[in-house]
Amino acid sequence: MSHTERRERLGELAPGRLEELDEEEEDDDQVLPDLPNVDDYDGIRMRVAPNPNGPWHIGHARMAAVVGTYKELYDGSFVCRFDDTDPETKRPDLDAYDAILDAIEYLDFEPDEVLKASDRVETYYEHAQELIDEGGAYTCSCPGEEFSNLKNAGEPCPHRGKDTEQIHEEFERMVDGEYGEGEMVLRVKTDIEHKNPALRDFVAFRIIETPHPRAEAADYRCWPMLDFQSGIDDHLTGVTHIIRGIDLQDSAKRQQFVYDYFGWEYPEVIHWGHVQVDAYDVPMSTSTIKQLIDDGELDGWDDPRAPTIASLRRRGIRGQAVVDAMTGLGLSTSNVDLAMSTVYANNRELIDEETDRAFLVRDDERAVEKSVIDGPEAGHPAVHPNHEDRGSREIPVETGVLVELGDLPPVGERVWLKGYGCVRHTDDGFEYTGDDLDVTREEGVDIVHWVPSDDNVDVRLRTIDGDISGYAEPGILDYDPDDLLQFERVGFVRIDSLPTEETGLVAYFTHP
RNA sequence: GCUCCGAUGGUGUAGUCCGGCCAAUCAUAUUGCCCUCUCACGGCAAUGACUUGGGUUCAAAUCCCAAUCGGAGCACCA
């Protein structure tokens, strides 16, 4: 049935429906879907809860980008809470706390409150004691495997029936550090026969003998598990909406037991899948990146080859470009692949108009030197092709020029040196022809970039695929670190440092 | 093994709740053309998707069932 036929048919069968559809012409062009049950809350409060075991990789930016955007959308607030309750397996990196806050700032968001779980251990203890009073927790000395077997069979362990006084006493001893690792844990009493084995009597506190790296928290040995700590904190900090990964899809159900004991209302929860990013050889994992840095494979967290926030920033990519790409991914529960080309497209849109142009002849393309015969003394390409008012550059020619091998025409053919003029490749070098620009259109003469063979600047261009060396036009020295440029026909770069006695100018490749 | 969850082009996404203006949106990507003293920007066009099979219905991307594929949890990690 054709579209028109369908419409006519619908008109016969349900005339009102057709009008309804016509009226539904809605208006929302929202960047993110509505949060659930927003009207049930006085204000929207969310949280970003990173583990500070390293600076952020690109995937981490998604949480800050989305939570920050919701904050703006609903005029709400968000907490940045460092969930640093494992000094052993996910040992916090003391530099990461600030690195993460910097990353959030780079994305142009500001947490309304910053908390560290390791500052709040006493609070967790208090709630544990309360939970014990409510009959919601018990100390358990089962070896892990033994408990696991019982749990999988749906059988309670012998410790489940202890009286409250003994539990208090043993928990007290856990806090006082009187047990070694693995000797005693505090479990939340859920439903040992729950059909989902993942929800049965989970651990709330365990002993870790390795001191916490933060001096303020170094004396604690009895640490809460994520599900306990996070559940308590979300309530205490007034969080209304939680976004978290599908790896934590059972957390809410686990924490619900604790909330029930306390008579609390559980916040709204959204789960989303994992993000993969294309374009990188390096896996997007904090521990892997850390290892590669330790091994010297990467220069640091901001190495252009690292899939990290620090790297994107150093390459001159705006936080806004990252945020736009992240919000574009939506909140799907399935795993998603972020194409870096999306980030690049967003960023190009942000920087193209304002970024000055320059020439870089890449040595990796095997620059070739040619003397220029009978030509003008200098070329004058535009600073920006779409903005004549920004003037033109002056590039001296003197004895000759460098061009990339791939741009060198066969002997006897012409090429147009951009901003300079047309030359013919002869046995003697480049002979200036004086041709009009029309030859580039009418006779197919290619327009190429070039630099003076004498007066140029050594450049090391750091890219996602490794370093490239080359020679830039002299005017590049007028720029400062952190300035952006577009090397014409190469791509955008951020100037990282000016030349020194030992090294040339260092630039980071942004994107084509 | 037990328990959850998901599936729209190369990628992401809208539409799914409440079946009908879906002949499926937008972006990105790729390709071609135009513009251009850049392979940038801009303009135009092309490419390309409802996992499969049943069922309900006048009508299914949308509801139901099954299969397939994929993801996640069952840690004294977060």
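Small disclaimer: the values here were computed from a predicted structure and weren't measured.
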When you measure from the centre of the six-membered ring of [Y], is the NZ or CZ of [X] closer than 6.0 Å and no more than 45° off the axis?
X: A/Lys116; Y: A/Tyr97; result: yes
X: A/Arg393; Y: A/Phe359; result: yes
X: A/Arg62; Y: A/Trp272; result: yes

Where the side chain of [X] is concerned, which of [options] is the nearest nucleotide?
X: A/Leu226; options: B/U38, B/A78, B/C77; answer: B/A78
X: A/Asp247; options: B/U38, B/C41, B/G73; answer: B/G73
X: A/Ser341; options: B/A78, B/A29, B/A40; answer: B/A29
X: A/Gln249; options: B/A78, B/G73, B/A40; answer: B/G73
X: A/Pro197; options: B/C2, B/A40, B/A78; answer: B/C2
X: A/Ala345; options: B/A29, B/G73, B/A75; answer: B/A29
X: A/Asp337; options: B/U38, B/G12, B/G6; answer: B/G12

[N] and [M]: how far apart are their [atom1] atoms, nearest whole angstrom?
N: B/U51; M: B/A59; atom1: C1'; result: 23 Å
N: B/G48; M: B/C26; atom1: C1'; result: 15 Å
N: B/U62; M: B/C17; atom1: C1'; result: 10 Å
N: B/A24; M: B/U47; atom1: P; result: 12 Å
N: B/G12; M: B/U25; atom1: C1'; result: 13 Å
N: B/A75; M: B/A67; atom1: P; result: 27 Å
N: B/C41; M: B/A23; atom1: P; result: 35 Å
N: B/U8; M: B/G70; atom1: P; result: 14 Å

Q. So A/Glu353 and A/His384, side-chain hydrogen bond (donor to acceptor under 3.5 Å, both in side chains) or not? Walk me through it.
A. CA-CA 8 Å; A/Glu353 283 299 312; A/His384 192 295; 4.7 Å; no
Regarding [X], tell me which of base, sugar-phosphate or nothing describes its non-hydrogen contacts under 4.0 Å with the strands shown.
X: A/Thr440; answer: nothing
X: A/Ser148; answer: sugar-phosphate
X: A/Gly273; answer: nothing
X: A/Cys142; answer: base
X: A/Tyr344; answer: nothing
X: A/Ile246; answer: sugar-phosphate
X: A/Met225; answer: sugar-phosphate
X: A/Ser332; answer: sugar-phosphate
X: A/Ser230; answer: nothing

Send over the distance from [X] [atom1] to [N] [atom2], rounded to a whole Å.
X: A/Ile208; N: B/C76; atom1: CD1; atom2: C1'; value: 8 Å
X: A/Phe487; N: B/C37; atom1: CZ; atom2: C1'; value: 19 Å
X: A/Leu199; N: B/C4; atom1: CG; atom2: C1'; value: 9 Å
X: A/Lys418; N: B/C37; atom1: NZ; atom2: C1'; value: 5 Å
X: A/Asn196; N: B/G1; atom1: CG; atom2: P; value: 16 Å
X: A/Asn386; N: B/C37; atom1: CG; atom2: C1'; value: 13 Å
X: A/Ile447; N: B/C37; atom1: CD1; atom2: P; value: 7 Å
X: A/Glu353; N: B/G42; atom1: CD; atom2: C1'; value: 9 Å

Check whether any side-chain N or O of [X] sits under 4.0 Å from OP1 or OP2 of [N], and answer yes or no.
X: A/Lys195; N: B/C74; result: no
X: A/Lys253; N: B/G73; result: no
X: A/Thr333; N: B/G71; result: no
X: A/Arg91; N: B/C77; result: no
X: A/Thr342; N: B/A29; result: no
X: A/Arg206; N: B/A78; result: yes

**Q.** 5'-most by nearest nucleotide on RNA chain B - A/Glu488 or A/Asn335
**A.** A/Glu488
Q) For RNA chain B, whose closest nucleotide is more 5', that of A/Pro33 or that of A/Val203? A) A/Pro33
[Y] and [X], any side-chain heavy atoms less than 4.5 Å apart:
X: A/Val48; Y: A/Arg81; value: no
X: A/Thr139; Y: A/Arg187; value: no
X: A/Lys370; Y: A/Leu408; value: yes
X: A/Leu312; Y: A/Thr308; value: no

Q: Measure distances between side-chain N and O atoms of A/Arg441 and base N and O atoms of B/U36, and say whether any donor-acceptor pair falls under 3.5 Å.
A: no
Q | A/Arg489 (side chain) and B/A40 (base): donor-acceptor pair under 3.5 Å | A | no
Q: Determine the sole option in A/Phe228, A/Tyr220, A/Tyr138 for which the ring pair (Phe, Tyr, Trp, His ring centres under 6.0 Å) test with A/Phe205 is passed.
A: A/Phe228
